[in-house]
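Down below is the structure, laid out as C-alpha cells.
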Amino acid sequence: MLEISIGKIACEKGIPLEARPLVELERGRREGQGDWATNAAMQWARTFGEKPLDVARRIVSLLPGSPLVERVEVAGPGFINFFLSRSWMTGTVEHILGCGPDFGRVNSGGGRRVQVEFVSANPTGPLHVGHGRGAAVGDICARILSFAGWKVEREYYINDAGLQMELLGRSTQSRYFEICDRSEEAPFPEDGYKGGYIFDLARNVLDSEGERFLGMPLKESLPFFTEYAGRVILEGIKKDLEDFGVKFNVWFSEKSLYDGVRVPSMLETLKKNGFAFDADGATWFKATAFSDDKDRVLIRSNGAPTYFASDIAYHKDKFDRGFDMVIDVWGADHHGYIPRMKAAVQALGRKEEDLQVLLIQFVNLLRGGEQVSMSTRSGEFVTLREVIDEVGVNATRYFFAMRRSDSHLDFDLDLAKSASTDNPVYYVQYAHARIHSIFREATARGITVPDPSGADLSVLVEPEEIALVKRLSAFPEEVEKAANDLAPHRIVFYAYDLAGDFHSFYNAHRVLGVGAELEGARLLLAEASRTVLANALSLLGISAPEKM
RNA sequence: GCGCUUGUAGCUCAGUUGGAUAGAGCAACGGACUUCUAAUCCGUAGGUCGCGGGUUCGAAUCCUGCCAAGCGCGCCA
C-alpha cells in the first residue's frame with residue numbers, strides 16, 4: 001500500500017516511471033529509524049535533479065494518511081521512516097493467533113514442484129557426521145520450501161552400483177575368511193573398508209549362512225557378500241535417518257539407471273540437441289557450449305558409461321518426472337562438479353537455475369576443545385548415530401543447521417549436550433516452555449486467555465512488548481528469505497532472536513496479576529509468541545517442549 | 001598453473017540483490033531472583049570488516065590486484 005502511494009506521487013511529478021529503481025521498503029534497523037524505511041528519495045534524486053532531502057520532503061508531504069501509520073519522518077541523507085501505529089500491533093497479534101500453526105506460511109513457491117535430493121551416501125558404511133549435516137540441512141530446506149508454498153518431494157539416491165560396492169563386498173568377504181582363520185585365501189583389498197562394522201557383517205553372514213562360502217571360488221560368493229552388506233548397511237542408514245527425524249518419499253537406486261534404456265535415451269536427447277559427439281573412440285558431452293571449461297566423456301572407448309553419464313541420465317529422469325526445480329545437496333568437495341552438471345541440465349533443455357546445488361561444508365567435531373580426527377577410509381569416523389545418542393536429536397539438528405551450509409562448522413559435542421546456559425538449543429526451547437509455564441500458572445489461578453477479538457491490545461506499550469510484536473510479524477518474511485536462499489540457518493537465527501525477545505519481555509514484565517486488561521493482552525502476546533516459536537522449531541524439526 | 005569457496009571483536013559466527021552509528025553468542029568485568037522456571041535478564045568493555053587500489057551521494061557488500069586457508073581440476077566413483 002505504501003509502495004503504491006509513493007509510486008503515484010512519482011507519477012504526479014510528471015516523470016515517467018520506467019527505468020527508475022523500484023520503491024523498496026525495508027525494516028528499520030534500529031531505534032529511531034522507524035518500523036519501515038525507504039531509500040526511494042535517494043534513488044530518485046538523480047532522476048529528478050534535486051537533492052535527496054528535498055525529494056524526501058516532497059514525497060512525505062504528498063503521502064496520504066493511513067490508520068496503520070502513526071507518523072512519517074525524513075532522516076539522515078534522505079531516508080523516509082514510517083512509524084507504525086498501535087492498531088497495527090493489535091492487528092498483528094490477532095492475525096498470528098488466527099493463523100496458528102499456519103502463521104508464517106507464504107506462497108513464493110506458488111504450488112510449483114521441487115525435488116530435494118540429499119544425503120545420498122553410498123551404502124558402504126554407516127552415516128557419519130558429515131552426512132548428518134547434509135541430512136539436517138536437506139530436511140530443513142524441504143520443510144521450509146513446503147511452508148513457502150512449494151510442493152516438495154524428498155529423494156535419496158542410492159549409489160548401489162560400481163566399484164565401491166564391489167570393494168564393500170570384497171572387504172566383507174575377506175573378513176569372513178579372516179574370522180574362519182583362512183584369511184590368506186581372501187586377502188583384504190587395498191583401500192578396503194576397514195571399519196569394525198565390516199566384521200559385524202561378516203559374523204552375521206557366518207551365523208546365518210555357515211561356512212558354505214569357504215569352499216566356493218571367491219568370484220562366485222562375492223555377489224552374495226556385496227548384496228548382503230549393501231542391503232544391511234542401507235537398512236541401518238534408513239533407521240538412522242528415521243531416528244533423526246528425516247523422511248524420504250523416494251529411494252532411487254542407481255542400478256535402476258542401467259536398465260538399458262535411460263542412458264541411451266539421455267544420449268539421444270543430447271545428440272538431438274547437438275551437445276554430444278564422438279571422438280577418440282569415446283562419446284563426449286560438449287560442456288564447453290555452456291560455462292564448463294572442458295568437454296566431458298560420457299561413454300568410454302571401452303564402451304562403459306562414465307559416472308557423469310549416469311548422473312545426467314538421473315537428472316533427466318528427475319526433470320521427466322515433472323519437477324519445476326531440482327535441488328541437489330552435495331558435500332562441498334564436489335563443487336568442481338557443478339559447472340558440468342549445470343551444463344548438462346541446459347543441454348537437456350532446462351534452464352540453468354532449474355538445478356540448484358547446495359554445498360555442505362565439512363564438520364569439525366570438537367571434544368574437550370580438541371578436534372576429533374576422522375577419515376572414512378581408515379574406518380576412524382564418528383557416526384551420526386553416535387552423535388545422536390550422545391547429544392540428542394534436537395541439539396544435533398540445531399547445531400548442524402546453525403551455520404550457513406557452505407561454511408565450515410565447528411560442532412562442540414560438550415556444548416551440544418550441556419544442559420546449560422550456553423546451549424542455544426535450550427535457550428530457544430526454554431522460551432517455549434516458559435510460556436507454557438505461564439499458562440499452567442494461569443490455569444491454576446483460574447485465569448483464562450481472552451478471545452483475541454474482544455481484547456484491547458493497545459495497552460501493550462512497553463519497549464519489550466513492541467520489540468516482541470515486531471519480531472513476531474517478521475516471521476513470514478524470514479520464511480520467504482530462507483526458502484529463496486535455501487538457508488536454514490536463517491530460521492535458526494530467527495528462532496534464537498525471538499526467544500531472546502521473549503526472555504527480555506519476561507524478565508522485564510509480569511504477565512499474571514497486573515490487572516485484567518493488561519493481563520489479558522499479555523496472555524495473548526504470550527500465546528502469539530508461543531505459536532511462532534513452535535512454528536519455527538517445527539521447521540527445524542526440533543521439539544517444542546511444554547516443560548523443561 | 002587454472003577454478004570454486006572462505007577471510008568480520010580474543011574465540012565461534014550473523015549481516016553480502018550497495019544504505020543511516022557493522023551485530024549476536026562465548027570468554028572478561030559489574031549488576032538483577034519474597035513473585036509466572038535465574039536453562040533467564042540488564043549493563044560495561046571489545047573492530048584498519050585479510051591488505052591495496054577503483055566505481056559513487058554512500059562499499060563489509062560491486063570491480064580489480066595481491067595475501068592467507070580449505071577444496072577441486074581423470075575415458076575414477
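The figures that follow rest on heavy atoms only: side chains count, while hydrogens, waters and symmetry mates do not. Proteins come first, then strands; the chains are lettered A, B, ... in the order of their sequence lines, and each starts at number 1.
One atom, CD1 of A/Ile438, and another, C1' of B/U40, lie 12 Å apart when rounded to the nearest Å. When rounded to the nearest whole Å, the span between CG of A/Leu358 and C1' of B/U5 equals 14 Å. Protein atom CG of A/Leu168 is 17 Å distant from nucleotide atom P of B/A77, rounded to whole Å. The interatomic distance linking A/Asp293 (CG) with B/G74 (P) rounds to 9 Å, in whole Å. At whole-Å resolution of the value, CE in A/Met402 and C1' in B/G25 are 8 Å apart. What separates CG of A/Asp414 from P of B/C26 is a distance of 17 Å, to the nearest Å. Straight-line distance from the CG atom of A/Leu359 to the C1' atom of B/U6: 12 Å, rounded to whole Å. When the P atom of B/A14 is taken as reference, atom CG of A/Asp410 falls 11 Å away, rounded to whole Å.
For A/Asn507, the listed nucleotide lying nearest its side chain is B/C41; candidates were B/C75, B/U6, B/C41. Comparing B/C75, B/A14, B/C76 against the side chain of A/Arg403 picks out B/A14 as the nearest. Set against B/A39, B/U5, B/A14, the side chain of A/Tyr426 has B/A39 as its closest nucleotide. Listed nucleotides B/C71, B/A77, B/C41 differ in distance to A/Tyr427; the shortest reach to its side chain belongs to B/C41.
Checking side-chain atoms of A/Tyr494 against main-chain N and O of A/Arg471 turns up a donor-acceptor pair under 3.5 Å. Side-chain atoms of A/Asn302 come within 3.5 Å of backbone N or O of A/Ala304 as a donor-acceptor pair.
With both ends at atom C1', the span from B/A60 to B/G7 equals 11 Å, rounded to whole Å. Comparing the C1' positions of B/G3 and B/G46 gives a spacing of 38 Å, expressed to the nearest Å. With both ends at atom C1', the span from B/G58 to B/A22 equals 15 Å, rounded to whole Å. When the P atom is used for both B/G50 and B/A14, the distance is 14 Å, rounded to whole Å. Straight-line distance between the C1' atoms of B/G19 and B/U12: roughly 28 Å, to the nearest whole Å. Separation of the P atoms belonging to B/G43 and B/C26 is 14 Å when rounded to the nearest angstrom. The C1' atoms of B/G23 and B/A9 are separated by 11 Å, rounded to the nearest whole Å. Nucleotides B/C33 and B/U48, compared at atom P, are 38 Å apart to the nearest Å.
In this structure, A/Asp280 reaches the bases: a heavy-atom distance under 4.0 Å links it to at least one base atom across the strands shown. Across all strands, A/Lys294 comes closer than 4.0 Å only to sugar-phosphate atoms, never to a base (heavy-atom distances). Looking at heavy-atom distances under 4.0 Å, A/Phe493 makes contact with sugar-phosphate atoms alone, never a base. Using a 4.0 Å heavy-atom cutoff across all strands shown, A/His436 reaches no nucleic acid atom at all. Within the nucleic acid shown, A/Tyr496 comes within 4.0 Å of sugar-phosphate atoms alone, with no base atom in reach, counting heavy atoms only. Within 4.0 Å of A/His335, counting heavy atoms only, lies at least one base atom of the nucleic acid. Among the heavy atoms of the strands, none lies under 4.0 Å from A/Ala508. Within 4.0 Å of A/Arg296, counting heavy atoms only, lies no atom of the nucleic acid at all.
Outside the 6.0 Å centre-distance limit, the rings of A/Phe118 and A/Tyr157 are not counted as a close aromatic pair. A distance of 6.0 Å or more separates the ring centres of A/His432 and A/Phe502. Centroid-to-centroid, the aromatic rings of A/Phe277 and A/Phe285 stay 6.0 Å apart or farther. Ring centroid separation for the pair A/Tyr314 and A/Phe252 comes in under the 6.0 Å cut-off.
Using a 4.0 Å cut-off, some side-chain N or O of A/Ser407 falls inside it from OP1 or OP2 of B/A14. OP1 or OP2 of B/G15 lies within a sub-4.0 Å distance of a side-chain N or O belonging to A/His489. For the OP1/OP2 pair of B/C42 and a distance below 4.0 Å, the side-chain nitrogens and oxygens of A/Ser504 include at least one atom meeting the criterion. Under 4.0 angstrom from either OP1 or OP2 of B/A38 there lies at least one side-chain N or O belonging to A/Arg434. OP1 or OP2 of B/A38 lies within a sub-4.0 Å distance of a side-chain N or O belonging to A/Tyr506. The phosphate of B/A77 (OP1 or OP2) has a side-chain N or O of A/Arg300 nearer than 4.0 angstrom.
Nucleotide B/U5 forms a pair with B/A69, judged by Watson-Crick or G-U wobble geometry with both contacts under 3.5 Å. Here B/U48 sits opposite no nucleotide as a Watson-Crick or G-U wobble pair (both hydrogen-bonding atom distances under 3.5 Å). B/U55 is unpaired under the Watson-Crick or G-U wobble criterion, no partner having all donor-acceptor distances under 3.5 Å. With both pairing distances under 3.5 Å, B/A27 is matched to nothing as a Watson-Crick or G-U wobble pair. The partner of B/C75 is absent, by the rule that a Watson-Crick or G-U pair needs both atom distances under 3.5 Å.
The shortest side-chain heavy-atom distance between A/Ile435 and A/Leu533 falls under the 4.5 Å cut-off. In this structure, the side chains of A/Leu359 and A/Val357 come closer than 4.5 Å at one or more pairs of heavy atoms.
Annotation: of the two residues near RNA chain B, A/Tyr307 and A/Leu409, the 5′-most nearest-nucleotide partner is A/Leu409. The residue among A/Asp497 and A/Gly336 whose nearest nucleotide of RNA chain B lies closer to the 5′ end is A/Asp497.
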Check step by step if side chain to side chain donor-acceptor pair (under 3.5 Å) holds for A/His509 and A/Glu465.
CA-CA 9 Å; A/His509 308 289; A/Glu465 294 167 332; 5.4 Å; no
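Side-chain to base pairing of A/Thr306 with B/C75: no donor and acceptor N or O lie closer than 3.5 Å to each other.
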